[in-house]
Peer 1: 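Before anything else, here's the structure in question.
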Amino acid sequence: MRPMRLLRAVLFALPLALGTTAGLHAQSPAPLPVTGRDLLDVVTHSVGDLSDDGRWLAILASARRDALGTDFRRDGDPSYISPSVTRLLSVNTATGEAQPVFPEGRVLRSPAWAPDGRRLGILSKRGEQLVPIIWERETGRVRTLPVPAGWYVAENSELRWTGDGTRVVLSLRRDRWKARVTAEFARLTQGPVVVQDGRDPFLAWERLRREGNVRAIYALDATTGAARELIPDGMTSAFRVSDDDSLVTWEDDVTQKTDYDVIFGTERRLMARGSAGDATLTLLPSLKGTTVAWTDDLRQFAYSRDGRVWVQRVGSATTARQVAGGDTARGGADALADTSAAMRDQRANERFSVVRWSPRGDALLLSNREGFWLAPLDGSPRALVVASSDSSTTPRYAPAAWSQDGRYLYFTVNSRTAWERGIARFDCERRTLQELVRDARLYAGLRLAKRGEVLVYSSGEGNRPLDLYAADAAMGNARRLTNGNRQLAGKALASTRLISYPDADGITRHGVVYLPSDYQAGKRYPTVFNIYEEFFDDTFDAVANFLTSNGYVVVKPSVGFETGYPGEAWLKGVTAAAN
């Protein structure tokens, strides 16, 4: 069982002697301490959306102080909208020129470019509700779309465009839902006594949490606001709409009772129907232990379960076709009876999971314990894209994007033993892997334009807030798009060190040490251990920098958990790191 994620800190006074300062990230002299005001002003830039042609980037910029005023007593209330303010910018990825969408910060959700890149759809808080807004990039004109009477935009709604750019798709709830859920949250939190009875189908808090899935999906005309129901009001945990909104698929939550074995465990089934009112189809009656991937047009889906992968067309009378996994042809039935180590390894290597479809719908990206595989659907042999292993020393690859023509697969790459990080791409035609960049910087959030040759990503030095960058499809001509934390220049930000050590069980663990900017080897420092599970990257940490600026050392040790023994795991992991 994974423990709840809480900030846990242990204070030691240790003669921390990490040797000389050689090997630390180079830092500029920092005569000024880091203050709480500095850290409240730290701005985080995140990608709202990238236009299909890659020319326009919607950026959300928010400072830590923007969360002041959030009522954290409302945590767990699905009817609550946090008042955190953000600033929305439209940025030209070629020039870096930024245009504010609104003159002031607002509570915003889910900015999305229309396919033509000329309009931006946004959900903006007005009063106690979200409203859909269309912003025209060239004129700055703003229009608010109406929603049907008796309904309002769901607190957890996204906004998406249809492929022709004429409609936006979002989640709606009935007015009476909000009144009912708000009253139930008040009952559970204002007491005086709340009973959680295991004899009930759902525990009271679980029942309230599930209310967040109650919604209907509508398409609104982007000009007139005319509404059309796509998915009726129900327990919809996820949904997809085809580009022409002629087909919708969704996961229907049919959980019958609280799952005491899996935290937030659910039972779902996969559904589909034509948006013109066709009959509803049950594609998969159960999604337990199942991973699903869809083609862009939603006409085909692949799913993996128990190490096997199938492909099926929506509405087709033919049954699903198995394309990977469970191959016992080499040895036939005898292979199943063979319990030798070699055969066990072979069977383990023949267990696959689906990762994603090629944008052209002609291949799948699969994974197994050997690595990632390109699996053409024309019967051609699978090709190993990136090899991996259970070794703790091999780099970790994670798929990030697939070019629209199907040729290039992009991966983020992270060493497991050193601060070496980067981006690579696999040429599906030549079957070659190319490193586009690898260095000590952090890389995250890679986005590839649907049309065009533009990449956007977050990057930065260790223990620094990340900024957004744009580049061409081969990571050439990289250009910085944001620089929002000038107040940190000349401040006493921490230096960082990656450490490794054996824990009490002899397993090698890693940890991250944040050192005062004026750290002196051999000097005795009060040391704070910030503990949870695993730490490796030297990401920016506001609390750590405040502490190091005031003479502390901060250590983030890694802890290996065993189900049922979280306290023992922390004891073994933290004391080993301290030693």
Side-chain angles (χ1 to χ4, degrees), residues 74-81 109-110 123 129-130 147-148 150-160 169-188 196-220 227-242 245 247-275 277-294 298 301 303 305 314:
R74 297 283 296 275
D75 281 358
D77 181 356
S79 68
Y80 180 62
I81 301 174
R109 299 283 190 278
S110 192
L123 297 177
Q129 295 183 348
L130 298 173
V147 299
W151 297 80
Y152 72 98
V153 177
E155 291 83 354
N156 59 354
S157 179
E158 302 172 53
L159 184 146
R160 312 175 190 177
V169 178
L170 36 75
S171 306
L172 301 183
R173 288 185 173 135
R174 298 185 187 276
D175 290 339
R176 60 177 180 266
W177 178 94
K178 188 178 185 72
R180 173 171 55 82
V181 169
T182 302
E184 176 64 3
F185 181 81
R187 184 186 75 83
L188 292 177
Q196 300 281 338
D197 193 336
R199 294 171 297 182
D200 295 336
F202 293 101
L203 296 176
W205 277 108
E206 175 77 357
R207 186 175 60 248
L208 180 65
R209 182 190 65 80
R210 285 170 45 77
E211 289 284 357
N213 284 339
V214 176
R215 53 183 172 167
I217 310 303
Y218 274 76
L220 304 182
R228 183 172 65 182
E229 179 190 88
L230 301 180
I231 302 175
D233 198 14
M235 294 286 290
T236 303
S237 60
F239 72 93
R240 297 167 184 81
V241 182
S242 63
D245 76 1
L247 178 67
V248 292
T249 71
W250 70 98
E251 295 177 9
D252 190 23
D253 189 333
V254 292
T255 310
Q256 298 298 310
K257 61 181 180 179
T258 296
D259 189 334
Y260 291 99
D261 297 319
V262 179
I263 297 176
F264 303 145
T266 60
E267 179 62 53
R268 295 160 294 124
R269 58 183 180 178
L270 187 62
M271 314 294 290
R273 76 167 182 173
S275 60
D278 298 343
T280 298
L281 302 174
T282 300
L283 302 178
L284 293 174
S286 174
L287 289 173
K288 188 173 287 292
T290 304
T291 301
V292 179
W294 287 90
L298 292 189
F301 65 101
Y303 63 97
R305 181 188 297 153
V314 175

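If you're wondering where the values come from, they're calculated on a predicted model, not measured in any experiment. Values below: all heavy atoms of this structure, side chains included; hydrogens, waters and symmetry mates excluded.
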Peer 1: Examine Arg174 relative to Trp177 and say whether NZ or CZ is less than 6.0 Å from the centre of the six-membered ring and inside a 45° cone about the ring axis.
Peer 2: no

Peer 1: Take Trp294 and Thr249 through the side-chain contact (heavy atoms from CB on, under 4.5 Å) test and state the conclusion after the steps.
Peer 2: CA-CA 10 Å; Trp294 287 90; Thr249 71; 3.4 Å; yes

Peer 1: Working to the nearest 0.5 angstrom, can you tell me the gap between Asp175 CG and Arg180 CZ?
Peer 2: 12.5 Å

Peer 1: Report the residue from Asp233, Asn156, Val181, Val147 that forms a side chain to side chain contact (heavy atoms under 4.5 Å, CB included) with Arg173.
Peer 2: Asn156

Peer 1: Which pair of heavy atoms, one from Leu270 and one from Glu251, lies closest together, and at what distance?
Peer 2: CD1-CG, 4.1 Å

Peer 1: Would you indicate whether the side-chain heavy atoms of Arg109 and Ser157 approach each other to under 4.5 Å?
Peer 2: no

Peer 1: Restricting to non-hydrogen atoms, name the atom on Ser242 and the atom on Leu298 that form the minimum distance, rounded to 0.1 Å.
Peer 2: N-CD1, 3.3 Å

Peer 1: Is Asn213 close to Thr236 at the side-chain level, that is, under 4.5 Å between some pair of heavy atoms?
Peer 2: no

Peer 1: Would you call Leu284 and Phe301 a side-chain contact if the rule is heavy atoms closer than 4.5 Å?
Peer 2: yes

Peer 1: Does NZ or CZ of Arg160 fall inside the cone over Phe239's six-membered ring, less than 6.0 Å from its centre and within 45° of the axis?
Peer 2: yes

Peer 1: Quick check against the 3.5 Å criterion: does Gln196 have a side-chain atom that pairs as donor or acceptor with the backbone of Ala204?
Peer 2: yes

Peer 1: Just so I know, are the side chains of Lys288 and Glu267 near enough to count as touching, which here means a heavy-atom distance under 4.5 Å?
Peer 2: yes

Peer 1: Within the side chain of Ser237, is there an N or O that forms a donor-acceptor pair under 3.5 Å with the backbone of Asp253?
Peer 2: no

Peer 1: Output the distance between atom CG (Asp252) and atom CE (Met271), rounded to the nearest 0.5 Å.
Peer 2: 5.5 Å

Peer 1: Indicate yes or no: at least one non-hydrogen side-chain atom of Leu230 is less than 4.5 angstrom from one of Arg228.
Peer 2: yes

Peer 1: Which heavy-atom pair separates Pro78 from Glu211 by the least distance, and what is that distance?
Peer 2: CG-CB, 4.4 Å

Peer 1: Is any side-chain heavy atom of Glu206 closer than 4.5 Å to a side-chain heavy atom of Phe264?
Peer 2: yes

Peer 1: Do the side chain of Asp200 and the main chain of Leu203 share a donor and acceptor less than 3.5 angstrom apart?
Peer 2: no

Peer 1: Just do the side-chain contact (heavy atoms from CB on, under 4.5 Å) check on Met235 and Arg268 with the steps written out, would you?
Peer 2: CA-CA 10 Å; Met235 294 286 290; Arg268 295 160 294 124; over 6 Å; no

Peer 1: Search all heavy atoms of Tyr218 against all heavy atoms of Pro148 and return the closest pair with its distance.
Peer 2: CE2-CG, 4.2 Å

Peer 1: Looking only at heavy atoms, what is the nearest atom pair of Trp205 and Leu188, with distance?
Peer 2: CZ2-CB, 3.9 Å

Peer 1: Find out whether Val248 and Arg273 are in side-chain contact, i.e. whether some heavy atom of one side chain is under 4.5 Å from a heavy atom of the other.
Peer 2: yes

Peer 1: Under 4.5 Å between any side-chain heavy atoms of Trp151 and Arg215, yes or no?
Peer 2: no

Peer 1: Would you say Thr266 and Thr255 are linked by a side-chain donor-acceptor pair, where the criterion is simply a distance under 3.5 Å?
Peer 2: no

Peer 1: Output yes when a side-chain donor or acceptor of Lys178 lies under 3.5 Å from a complementary backbone atom of Ser79, and no otherwise.
Peer 2: yes

Peer 1: What do the steps show when you test Arg210 against Phe202 for side-chain contact (heavy atoms from CB on, under 4.5 Å), and what is the final call?
Peer 2: CA-CA 10 Å; Arg210 285 170 45 77; Phe202 293 101; 3.5 Å; yes

Peer 1: Would Leu170 and Leu172 count as a side-chain contact (heavy atoms from CB on, under 4.5 Å) here? Give the steps.
Peer 2: CA-CA 7 Å; Leu170 36 75; Leu172 301 183; 3.4 Å; yes

Peer 1: Would you name the heavy atoms of Ile217 and Ser171 that are closest together and state the gap between them?
Peer 2: CD1-OG, 3.4 Å

